[in-house]
Amino acid sequence: MNQLSINDLKTFKNDITRFMMTYKFALDAMETRVEILVQEFEMLHEYNPIEHTKSRLKSPESIFHKLSRKGGDFSFSGIKDSIKDIAGMRITCSFISDIYVISNMLKNQGDLKVLGEKDYIKHPKPNGYQSLHLLIEVPVHMSDRKENVCIEVQIRTIAMDFWASLEHKIYYKFNQGNQAVPGRLLDELKQAAGAAYALDLQMERLHAEIEVIKEEMTSTADETLNRIVINNQQFALPQALLELLSDGDSQ
């Protein structure tokens, strides 16, 4: 290998590393935003709709294979234009209504731009798949410039996530053997998707009933109202401040 080809290889390595880093940083930024929401819910509300999150970054090999299938331009700008799921985040929620709450919160963050949305909950795929997909452009501030990076965010319930995981395992097993998935399994998967959706609806109804009961049982004199918790540390509200507020209410 001559000196020129070595230099070319070094340049390409640096370029692809920088390209992949921007997507990693976009995921890091989105994870921080979601973690802020989680902590806000935990500290200010009695209920946190976000169960857990998972992020993944496509490998360069996977990216180029997908680009080859799609017939896109083999350049970094071509990759960016053609492949929108290089970086992906999955947010798992407790209930269907939580999905739209989290979606709206992300949409309302002024420096995020929603490039696309596919609602597979209101309009499931033919195989029964359900989830809410958002393509979100995230600003990434590098040392010398700002990059706007697209990531795919999937928001789904625990039941939807369990179904999707099972479906993926079934397809992976048969694809490894270059076989088609038997029709009987496809029919059962679709039935299972319907059962998962029915379970989601039932659990949400139960949750709503429990919240009403809790609200009725909660005492206005609850001593927990006299303290706050920040980062697992408890702080008592100053008694003088409580007395001042009480005096203000009585006037």
Side-chain angles (χ1 to χ4, degrees), residues 30-56 88-109 112 114 117-136 151-170 188-235 237:
M30 184 59 71
E31 287 172 353
T32 299
R33 290 169 188 264
V34 174
E35 179 58 27
I36 288 172
L37 293 178
V38 168
Q39 292 194 33
E40 179 187 346
F41 279 118
E42 290 177 347
M43 288 189 282
L44 294 180
H45 309 281
E46 293 184 358
Y47 169 67
N48 174 24
I50 300 175
E51 290 288 337
H52 57 266
T53 64
K54 185 177 181 180
S55 301
R56 66 106 183 97
M89 168 179 276
R90 185 182 307 147
I91 302 175
T92 305
C93 298
S94 303
F95 306 105
I96 294 174
S97 59
D98 296 336
I99 294 173
Y100 297 100
V101 169
I102 298 303
S103 172
N104 288 333
M105 286 182 175
L106 294 177
K107 291 176 182 178
N108 288 333
Q109 296 192 10
L112 297 181
V114 178
E117 177 176 356
K118 291 183 179 179
D119 192 336
Y120 294 117
I121 301 170
K122 295 178 180 176
H123 307 285
K125 289 186 177 182
N127 64 350
Y129 174 85
Q130 291 184 312
S131 184
L132 180 68
H133 291 198
L134 299 174
L135 292 179
I136 298 179
I151 71 172
E152 182 186 58
V153 178
Q154 299 179 358
I155 315 176
R156 59 180 65 156
T157 65
I158 298 171
M160 294 174 189
D161 191 51
F162 179 57
W163 182 92
S165 176
L166 176 62
E167 191 250 10
H168 175 76
K169 289 176 182 177
I170 290 175
E188 289 198 35
L189 271 174
K190 191 166 185 178
Q191 292 173 18
Y197 182 68
L199 177 62
D200 272 333
L201 295 179
Q202 183 178 16
M203 296 298 287
E204 185 143 12
R205 286 194 298 270
L206 287 172
H207 173 70
E209 290 184 23
I210 292 171
E211 288 300 305
V212 171
I213 294 172
K214 282 173 58 179
E215 188 172 333
E216 293 173 348
M217 294 175 61
T218 299
S219 170
T220 57
D222 190 343
E223 63 177 11
T224 60
L225 296 178
N226 294 335
R227 62 180 185 270
I228 61 175
V229 180
I230 303 292
N231 198 25
N232 293 325
Q233 285 186 278
Q234 290 194 22
F235 300 93
L237 296 177

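Since this is a predicted model, take the numbers as computed values, not measurements.
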Backbone N or O of K190 within a donor-acceptor pair of the W163 side chain at under 3.5 Å?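 Checked: no pair found.
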Any side-chain heavy atom of [X] sitting closer than 4.5 Å to one from [Y]?
X    : Y    : answer
E35  : T32  : no
E152 : M89  : no
T157 : I99  : yes
P49  : F95  : no
K107 : L112 : no
L132 : Q154 : no

Quick check for you: to the nearest 0.5 Å, what is the distance between [X] atom [atom1] and [Y] atom [atom2]?
X    : Y    : atom1 : atom2 : result
I91  : I50  : CD1   : CD1   : 6.0 Å
D98  : M105 : CG    : CE    : 9.5 Å
S103 : I136 : OG    : CD1   : 7.5 Å
N127 : L189 : CG    : CG    : 7.5 Å

Could you tell me which non-hydrogen atom of [X] sits nearest to which non-hydrogen atom of [Y], and how far apart they are?
X    : Y    : value
L106 : L37  : CD2-CD1, 4.5 Å
A193 : G128 : CB-O, 3.3 Å
Q130 : P124 : NE2-CG, 3.6 Å
S94  : N48  : OG-O, 4.5 Å

All ring-ring contact (aromatic ring centres under 6.0 Å, His included) counterparts of Y120, not counting sequence neighbours
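Checked Y120 against ring-ring contact (aromatic ring centres under 6.0 Å, His included); matches are Y129, H133.
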Residues, nucleotides or ligands: over 12 heavy atoms within 6.0 Å of K125 NZ:
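Yes - once you tally the heavy atoms of other residues, nucleotides and ligands closer than 6.0 Å, there are more than 12.
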Could you walk me through whether E31 and S55 satisfy the side-chain hydrogen bond (donor to acceptor under 3.5 Å, both in side chains) test, starting with their C-alpha distance in whole Å, then the side-chain angles of each, then the deciding distance to 0.1 Å, before giving a yes or no? CA-CA 8 Å; E31 287 172 353; S55 301; 2.6 Å; yes
With sequence neighbours left out, write down each residue that passes salt bridge (Lys or Arg N to Asp or Glu O under 4.0 Å) with D161, or none if nothing qualifies.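 If we apply the salt bridge (Lys or Arg N to Asp or Glu O under 4.0 Å) test to D161, skipping adjacent residues, the hits are R90, R156.
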Restricting to salt bridge (Lys or Arg N to Asp or Glu O under 4.0 Å), what partner residues turn up for E204, sequence neighbours left out?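 With sequence neighbours excluded, E204 shows a salt bridge (Lys or Arg N to Asp or Glu O under 4.0 Å) to no residue whatsoever.
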May I ask you to establish whether K169 and F162 are in a cation-pi arrangement, using a distance under 6.0 Å from NZ or CZ to the six-membered ring centre and at most 45° from the ring axis?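 Here K169 fails the 6.0 Å and 45° test against F162.
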I need the single residue from T92, I155, I96 that forms a side chain to side chain contact (heavy atoms under 4.5 Å, CB included) with M160. Which is it?
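For M160, the side chain to side chain contact (heavy atoms under 4.5 Å, CB included) test succeeds with only one of T92, I155, I96, which is I96.
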side-chain contact (heavy atoms from CB on, under 4.5 Å) between I151 and M30, intermediate numbers included
CA-CA 9 Å; I151 71 172; M30 184 59 71; 3.8 Å; yes
